[in-house]
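Everything below concerns the one structure shown next.
These figures come from a predicted structure and were not determined experimentally. Order of appearance sets the numbers: ligands from 1, and atoms from 1 within every ligand.
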Amino acid sequence: MNMKYVIVLVIAIAAIAEGAEYTVGDDMGWMVPPTPDYYTTWVSKYHFVEDDSLVFNFPQGIHDITVLTEEDFNACNMTNPLVQFQEPGEVTVSATGTFYFTCSFGEHCASGQKFAITFASPPLPPSPCPSPTNSAAADRSTESLPFKFVSEKMSN
Ligand SMILES: *[C@@H]1O[C@H](CO)[C@@H](O)[C@H](O)[C@H]1NC(C)=O
């Protein structure tokens with residue numbers, strides 16, 4: 001009699017399509033920081049790549065999530081935000097490049113509730129069939145802004 005033992009190795013190359021999730025300000029959340037460079041320091045602790053998500057925790061109504069151009073960011077000019085979210089939640093950035101986040105309330109921007117953040121290209125997953133084309137940089141479509149927002153209202 002032949003006894004056959006088939007060992008199936010399921011190698012889950014779950015080439016994680018979703019990016020990592022970062023809580024802005026870590027435990028402190030999204031607020032007017034104790035020091036003006038607080039969020040710049042927070043950003044510098046991590047390496048962000050395309051499709052990563054930023055979780056903004058704050059009580060609705062006293063802060064918001066505002067994305068500006070670099071020029072408006074530097075001037076804390078809220079006249080023409082690129083995008084604005086009123087509720088706490090998670091912003092997924094589906095693009096590479098540098099983006100400028102702040103809060104449009106009062107003097108919060110001038111007080112340091114702001115950060116510039118750069119998303120790099122994600123590391124390429126090991127591929128069995130190398131692509132002959134340089135298609136990676138080809139999808140710079142000028143569609144909508146690369147921000148996906150999911151509200152995560154606090155229950156308290
Ligand atoms: C803010 O930006 C707008 C255009 O978006 C511009 O017209 C205005 O002059 C700017 N304000 C200041 C104070 O720079």
Side-chain angles (χ1 to χ4, degrees), residues 14-127 131-156:
I16 306 166
E18 293 177 8
E21 200 179 273
Y22 298 91
T23 301
V24 175
D26 296 320
D27 289 343
M28 194 183 80
W30 187 227
M31 60 182 283
V32 176
T35 55
D37 62 352
Y38 185 90
Y39 289 106
T40 303
T41 303
W42 176 80
V43 165
S44 68
K45 295 197 309 188
Y46 304 106
H47 176 73
F48 303 93
V49 299
E50 182 177 358
D51 290 329
D52 280 349
S53 299
L54 303 175
V55 177
F56 290 83
N57 291 324
F58 60 92
Q60 186 174 350
I62 65 168
H63 300 290
D64 65 14
I65 306 163
T66 300
V67 184
L68 302 175
T69 63
E70 179 177 15
E71 186 185 358
D72 286 345
F73 174 86
N74 289 333
C76 288
N77 183 344
M78 306 298 163
T79 308
N80 269 322
L82 294 174
V83 66
Q84 204 163 49
F85 305 109
Q86 313 294 338
E87 299 168 10
E90 183 175 314
V91 179
T92 304
V93 179
S94 302
T96 57
T98 303
F99 298 92
Y100 302 87
F101 287 82
T102 187
C103 169
S104 73
F105 281 62
E107 297 298 308
H108 294 191
C109 175
S111 302
Q113 190 177 4
K114 62 190 295 191
F115 60 89
I117 183 169
T118 300
F119 295 86
S121 299
L124 295 172
S127 170
S131 161
T133 59
N134 292 330
S135 60
D139 56 329
R140 261 293 182 188
S141 57
T142 48
E143 42 178 31
S144 56
L145 290 162
F147 305 108
K148 193 185 83 182
F149 180 73
V150 177
S151 174
E152 286 182 359
K153 279 191 190 177
M154 307 289 107
S155 53
N156 47 356

Exactly one of F99, F115, F101, W42 should register a ring pair (Phe, Tyr, Trp, His ring centres under 6.0 Å) with F48. Which one does? W42
Using the disulfide bond (SG atoms under 2.5 Å apart) criterion, which residues pair with C103? Sequence neighbours excluded. none
Please state whether the rings of F105 and H63 are parallel, tilted or perpendicular, taking 30° and 60° as the class boundaries. tilted
Just going by heavy-atom distances, which of D72, N77, T69 is nearest to atom 10 (C) of ligand 1? N77
All pairs passing salt bridge (Lys or Arg N to Asp or Glu O under 4.0 Å) where residues 23-39 contributes a residue, at least two apart: D26-K45
For atom 5 (O) of ligand 1, is the nearest protein heavy atom closer than 4.0 Å? yes
For ligand 1, which atoms, with element, lie under 4.0 Å from some heavy atom of N80? 4 (C), 5 (O)
